[in-house]
Amino acid sequence: MSIRTRFAPSPTGLLHIGGVRTALFCWLYARRHGGTFILRVEDTDRERSTPEAVQVILDGMQWLGLDADEGPFYQSRRYPRYREVIQQWLGEGKAYHCYCSKEELEAMRTAQLARKEKPRYDGRCRDRNEPREGVTPVVRFKNPADGAVIVDDAVHGKVVFQNVELDDLIIERSDGNPTYNFCVVVDDYDMKVSHVIRGDDHLNNTPRQMNMLRAMGVEPPVYAHLPMILGPDGTKLSKRHGAVSVLYYREEGYLPEALLNYLARLGWSHGDQEIFSLDEMTALFDIADVNKSASAINPDKLAWINQQHLMRLPPSQIAPELRWQLERLGIAVGESAPLEAVIEAQRERSKTLKEMAAASRFFFEAPAAYEDKSARKHLTAETAPVLEQTRASLAKLTEWTAAAIHGAIQALAEAGGLGLGKVAQPVRVAVSGGSVSPPIDQTLAILGREQTLERIDRAIEFARR
RNA sequence: GCUCCCAUCGUCUAGAGGCCUAGGACACAGCCCUCUCAAGGCUGGUACGAGGGUUCGAAUCCCUCUGGGAGCGCCA
């Protein structure tokens, strides 16, 4: 049997972290087994679905690299097919028209609640099929009245639902539009989905869907219900937690690999391993290793994982994202900018690319001003001579490499009986404007001789003022 | 209210009856390294929700409770 998974978001809100994790597991499972990953947009709610939200989903998936083999399919374009199935079921007696008014339904519900019962449609229109004056009917699926449905879930194990707990759900609204649970069934059937991997908030929908699938004459696919992802405070994920859309993580300077790695570790594990490349995840992922309990997002750990990926990925792969971040800060990055060297110098001191960009500004622009505290400590009348000696020594270097620069600075320190820091810190402030930068030799090597000398000159002037 | 799901350090997790005086990771603290900041290394504290069983033996199996969550819509 060929493996076919699908990610089926509805474009009503934003593509958030929970949705991405679901998409990732579907994608991983398909890739792992050489199967097919389908993207399906569930936009049957015409009131709340928006083209913008669809675009956010598409953009997000693309940024993450979760490429679909089939789709995107849009449910809104499949209405003829849904009608066809409904007509067929009506003809076969698997579905029926219901003429109950919303008021009638509401009264039924409140009465049941008052009796401490679970609110459910009692099926009164099942055998009462005569039209009612002025009422456009809905269509309901005739759910089995007794027996049980067993969901043999890949992560939860066997879950039993009694059919009496279920009711005859509406599959076509009075306005003629099909409803969610029904569309899912027709789509999963038509698209030959073999594994339905989704959030466990859908576990309760599953028996209904299985009953409908059986009405279509097929055995249901394998189901795997993933535990929920919660906000850092352990409550349901919401805008309040800042994670509006996946693209927000790009803006904040996270790598797709890192975000995916982090998300994979929420609910899934492979022994003690924390860092996974996409290829490793693909090779190792298995639904059997998914756990059942909800998990809270931990921003600190996400940041740590992001840095781990920054430190492992080839700089050439990171460079375009750093360039983007720099440009967002209004920094003019030339075509020939030494981005890869900057990445190598900065990545072990940056959690995100946004941080890295901010800390790297001085590589592209001379500092506009010196950080007050650093200047007062390191650009003074006492340090001016050190700066002058350093400048002279650096100017004489025959080759401009980190090793040569290091040698020169070390020699100066030794000659003056100073610690390396006494020489390096003033230079650091001179070239970067502050007291934090990568190792001074590496920093100057990237900066180039011209910029270095120019900035030291300016700093000497400042120190002597 | 009813149905269903879940339950190991603050957080993410390992653990599928003895390997557990419960391991790893993030975060936190201390130390080491050190030209700054980091990265890295070492050390430390903190967890099996409660109560009953089953068993020679339970974090692991069963039951009850408690706590959290989801669903019960002409939303998805």
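This structure is a prediction, so every number in the text was calculated from the model and none was measured. In what follows, every chain begins at residue 1, and chains take the letters A, B, ... in the order their sequences are listed.
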Asker: Does the structure show a Watson-Crick or G-U wobble partner for B:rG10, both distances under 3.5 Å? Name it, or say none.
Answerer: B:rC26
Asker: Considering Watson-Crick and G-U wobble pairs with both distances under 3.5 Å, what does B:rA16 pair with?
Answerer: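 By the stated definition (distances under 3.5 Å), nothing pairs with B:rA16.
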Asker: Across the strands shown, which category fits A:Lys118 at heavy-atom distances under 4.0 angstrom: base, sugar-phosphate, nothing?
Answerer: base
Asker: Reckon A:Pro438 touches a base, only the sugar-phosphate, or nothing at all at heavy-atom distances under 4.0 Å?
Answerer: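 Base contact - A:Pro438 has a heavy atom under 4.0 Å of at least one base atom.
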Asker: Just the rounded figure in Å: distance from C1' of B:rC12 to CD1 of A:Ile275.
Answerer: 12 Å
Asker: Give a yes/no on whether any side-chain N or O of A:Ser295 is located under 4.0 angstrom from OP1 or OP2 of B:rU13.
Answerer: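 For B:rU13, OP1/OP2 do have a side-chain N/O of A:Ser295 under 4.0 Å.
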Asker: Restricting to nitrogen or oxygen on both sides, can you table the protein-nucleotides 23-30 of chain B pairs closer than 3.5 Å?
Answerer:
{"from": "B:rG23", "atom 1": "N2", "to": "A:Asp272", "atom 2": "OD1", "distance (Å)": "3.0"}
{"from": "B:rG24", "atom 1": "N2", "to": "A:Glu274", "atom 2": "OE2", "distance (Å)": "3.0"}
{"from": "B:rA25", "atom 1": "O4'", "to": "A:Glu274", "atom 2": "OE2", "distance (Å)": "3.2"}
{"from": "B:rA25", "atom 1": "N3", "to": "A:Lys301", "atom 2": "NZ", "distance (Å)": "3.4"}
{"from": "B:rC26", "atom 1": "OP1", "to": "A:Trp304", "atom 2": "NE1", "distance (Å)": "3.4"}
{"from": "B:rC26", "atom 1": "O2'", "to": "A:Lys301", "atom 2": "N", "distance (Å)": "3.1"}

Asker: Enumerate the protein-to-nucleotides 4-6 of chain B contacts in which both atoms are nitrogen or oxygen and the separation is below 3.5 Å.
Answerer:
{"from": "B:rC5", "atom 1": "O3'", "to": "A:His156", "atom 2": "ND1", "distance (Å)": "3.0"}
{"from": "B:rC6", "atom 1": "OP1", "to": "A:His156", "atom 2": "ND1", "distance (Å)": "3.4"}

Asker: Determine, using ring centers only, whether A:Phe182 and A:Phe141 are less than 6.0 Å apart.
Answerer: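 No, the ring of A:Phe141 stays outside the 6.0 Å limit from the ring of A:Phe182, centre to centre.
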Asker: Any side-chain N or O of A:Thr44 below 4.0 angstrom from OP1/OP2 of B:rA76?
Answerer: yes
Asker: If you look only at pairs with a residue in residues 283-304 of chain A, which of them pass as a side-chain hydrogen bond (donor to acceptor under 3.5 Å, both in side chains), with sequence neighbours excluded?
Answerer: A:Glu274-A:Lys301
Asker: Kindly confirm or rule out a cation-pi arrangement of A:Arg124 over A:Tyr121, judged by NZ or CZ under 6.0 Å from the six-membered ring centre and within 45° of its axis?
Answerer: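 Geometry flag: not set, cation outside 6.0 Å or 45°.
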Asker: Just N and O in the side chain of A:Ser174: are any of them under 4.0 Å from OP1 or OP2 of B:rC74?
Answerer: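 Looking at the OP1 and OP2 atoms of B:rC74, neither is under 4.0 Å from any side-chain N or O of A:Ser174.
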Asker: So, is A:Gln112 close to the B:rU3 phosphate, meaning a side-chain N or O under 4.0 Å from OP1 or OP2?
Answerer: no
Asker: What is the distance, rounded to the nearest whole Å, between atom NZ of A:Lys377 and atom P of B:rC35?
Answerer: 14 Å
